[in-house]
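Remarks on the structure that follows.
Residue numbers start from 1 in every chain, and the chains themselves are labelled A, B, ... in the order their sequence lines are given, proteins ahead of strands.
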Protein chains: 2
Amino acid sequence: MPSKIPRTRIQKKNHETILEAALDVFSRHGFRGATLDQIALASGLSKPNLLYYFPSKVSIHRALLERLMTNWLDPLYKLNANGDPVEEILAYVLRKLDMAREYPRESRLFANEIVQGAPNIADQIEGELKALVDDKAQVIKGWSEAGRIANVDPYHLIFSIWATTQHYADFDAQVRKIIETDGSSHFDDAGVFLNRMFRRMLAPDI
Amino acid sequence: MPSKIPRTRIQKKNHETILEAALDVFSRHGFRGATLDQIALASGLSKPNLLYYFPSKVSIHRALLERLMTNWLDPLYKLNANGDPVEEILAYVLRKLDMAREYPRESRLFANEIVQGAPNIADQIEGELKALVDDKAQVIKGWSEAGRIANVDPYHLIFSIWATTQHYADFDAQVRKIIETDGSSHFDDAGVFLNRMFRRMLAPDI
DNA sequence: CCTCACTTTGACCAAATGGTCAAGACCACG
DNA sequence: CGTGGTCTTGACCATTTGGTCAAAGTGAGG
């Protein structure tokens, strides 16, 4: 039985392969909707082999969420307290939108998990996510109180950024059916729209 | 076997009971995650009895989505082309936020369905939903071109309203863990925030 | 090239799950 | 009441699914 940390070349490779396949399957069907057989098929490994590397289905799911959490938080982490307030927040919006464009599977993975009550990442949300958000909310609150941006509730500002950007990944099926567009050019349009939207709402009160 | 349209008193009552229970279960676990046993338990009926009223699990799900679609679209339907543009759109935002507050299960039901590619409501999205959105987008475009609101892409405006309001229902688990608040007062805060946000972004260009 | 730990898998299992069915309970109505 | 349709359910079934296991295959270091 391989230990939690992969040691050998083969273990590294297969761990990777499994998580990649699992991302595909879990993000499309949710935890309950995904089956080990699907993941096995997608990864090119046999089902017992999956369970040689991970002790259970839920452990694969948890490993995935854990592994992706850091990257997921990175755009907010990069928000720089010493930069120009409006430009920092706008840059954050665009980073999030780029994440939605480049990593829709990751976005949907988290969306599925949270819509169903976050049974497997409650800890991480209450832990590192909340800590980071609290930290950055303080920064934004500072900007707000200094009159460098409009007076807004920093938490709801962050929620509105998450909502509007992730929407294009999580609800892609709906967006695509309403805006008939070949390719994903609606991400570009969304970028223009969100840029104007948040710039307007952040402009300092006189 | 009862026909598609319930006739007798008992059929009406049980149809209702089943759909109510199914809403609870499907919205919490998604289609695949929900089981007939759970719905049976929640409705107080036996599993075979469920299948006496509906031919299959998926038919319950579809009946639910169909039944709720009209109410779901109602807030947008009420957007009045002859009203004051800014106030009409703001009123729409608040109606949507109220829906998220009052009917979070419905919101999550749709969220679950769409995140997973809308396998059961593709028709309705491409049909009545798209038709309604196209219609109202034209109205907003008219306002925009007449200079009565800022120059915004009406489709992305609508998406941003959906995203920001439904976020509080769909991602409630996350919101709750980040804003530690007893009760649901964050809906009130969200109302204040969104009101200011959209008012600012819609203010006509000079 | 041998050995031993690492890796892989076919066969299998128990539980869960969507669905069926025949028989019985119930209800409305003449 | 009694009768015919409506409603309900215990028992059952086939399939799916997460997970096990013993045995066979493979690879890296001595």
Using only atom types and a distance under 3.5 Å, with no angle test, would you say the side chain of [X] pairs donor to acceptor with the backbone of [Y]?
| X | Y | value |
| --- | --- | --- |
| B:K78 | B:A91 | no |
| B:K96 | B:P75 | no |
| A:R196 | B:N151 | yes |

TODO: Say whether A:D134 and A:Y155, considering side chains only, have a donor N or O and an acceptor N or O under 3.5 Å apart.
DONE: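 There is such a pair (donor and acceptor under 3.5 Å, judged by atom type) between the side chains of A:D134 and A:Y155.
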
Rounded interatomic separation in angstrom, taking [atom1] from [X] and [atom2] from [N]:
| X | N | atom1 | atom2 | result |
| --- | --- | --- | --- | --- |
| B:K47 | D:dA14 | NZ | C1' | 12 Å |
| A:Q38 | D:dT16 | CD | P | 12 Å |
| B:K57 | D:dT16 | NZ | P | 14 Å |
| A:R32 | D:dT17 | CZ | P | 10 Å |
| A:N49 | C:dC6 | CG | P | 15 Å |
| B:D37 | C:dA15 | CG | P | 15 Å |
| B:Q11 | C:dA28 | CD | P | 13 Å |
| A:Y53 | C:dT8 | OH | P | 4 Å |

Between the protein and nucleotides 21-24 of chain D, which nitrogen or oxygen pairs come in under 3.5 angstrom?
none

- [ ] By nearest nucleotide on DNA chain C, pick out whichever of B:L51 and A:S46 is the more 5' one.
- [x] A:S46

Open item on the list: Rounding to 10°, can you tell me the angle the first-five-pair axis of the helix from C:dC1-D:dG30 to C:dG30-D:dC1 makes with its last-five-pair axis?
Closed with: 10°

Protein-nucleotides 27-30 of chain D N/O pairs under 3.5 Å:
residue : atom : partner : partner atom : Å
D:dA28  : OP1  : A:R9    : NH2          : 2.3

- [ ] Evaluate whether atom NZ of A:K141 has more than 12 neighbouring non-hydrogen atoms of other residues, nucleotides or ligands under 6.0 angstrom away.
- [x]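 Atom NZ in A:K141 is not crowded, with 12 or fewer foreign heavy atoms closer than 6.0 Å.
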
- [ ] Specify whether A:F159 and B:Y168 have parallel, tilted or perpendicular ring planes, treating 30° as the upper limit for parallel and 60° as the lower limit for perpendicular.
- [x] perpendicular

TODO: Identify which nucleotide among D:dG19, D:dT8, C:dT8 has an atom closest to any side-chain atom of B:Y52, counting heavy atoms from C-beta outward.
DONE: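 The answer is D:dT8.
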
Open item on the list: Nearest to the A:L36 side chain among D:dG19, D:dC7, C:dT8, which nucleotide is it?
Closed with: D:dG19

Task: A:I60 versus A:A22, closest heavy-atom pair with distance - done: CG2-CB, 3.6 Å

